[in-house]
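Okay, structure first, notes after.
For the single chain, residues carry numbers from 1 onward in sequence order.
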Amino acid sequence: MASTNAKRLGALAVTAALLAVAGCGGSDDETSGATDWANSVCSAAADWSDSVSAAATSLQGGNLSEDSLESAVDDVKEATETLADDLRDA
């Protein structure tokens with residue numbers, strides 16, 4: 001079961017990274033407001049992705065225990081709550 005959760009965290013991290021990369025950037029003809037909004041969303045997604053990746057990494061290398069898994073899940077939950085707040089504020 002712990003291995004499945006670790007795999008889910010890893011898959012979530014990869015998905016987040018792909019979404020952040022795919023959704024960021026733009027052309028020079030965008031309006032400043034749209035650019036600011038996109039930068040805000042991309043920054044929030046990148047921060048979330050980094051946090052989820054760090055949580056997944058913390059479970060690698062033989063550091064898999066109930067406590068480490070709970071800690072990683074808590075970290076992802078907190079990162080997701082922060083992402084939701086950041087997206088609401090964008």
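- With values rounded to the nearest 0.5 angstrom, Asp67 atom CG is found 6.0 Å from Glu70 atom CD.
- For the pair Ala55 and Ser58, the tightest heavy-atom approach, listed with the atom from each and the gap, is O-OG, 2.6 Å.
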Just do the salt bridge (charged side-chain N to carboxylate O under 4.0 Å, His left out) check on Arg88 and Asp85 with the steps written out, would you?
CA-CA 5 Å; Arg88 274 191 288 272; Asp85 290 341; 2.6 Å; yes

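- Looking at Leu83 and Asp47, their side chains never come closer than 4.5 Å, going by heavy atoms from C-beta outward.
- At a threshold of 4.5 Å between non-hydrogen side-chain atoms, the residues Leu59 and Ser68 count as touching.
- Using modelled atom types, one side-chain atom of Thr57 and one backbone atom of Ser53 make a donor-acceptor pair closer than 3.5 Å.
- The number of heavy atoms from other shown groups lying within 6.0 Å of CD (Glu66) does not exceed 12.
- Under the 3.5 Å distance criterion, the side-chain polar atoms of Ser43 are left unmatched by any main-chain donor or acceptor of Asn39.
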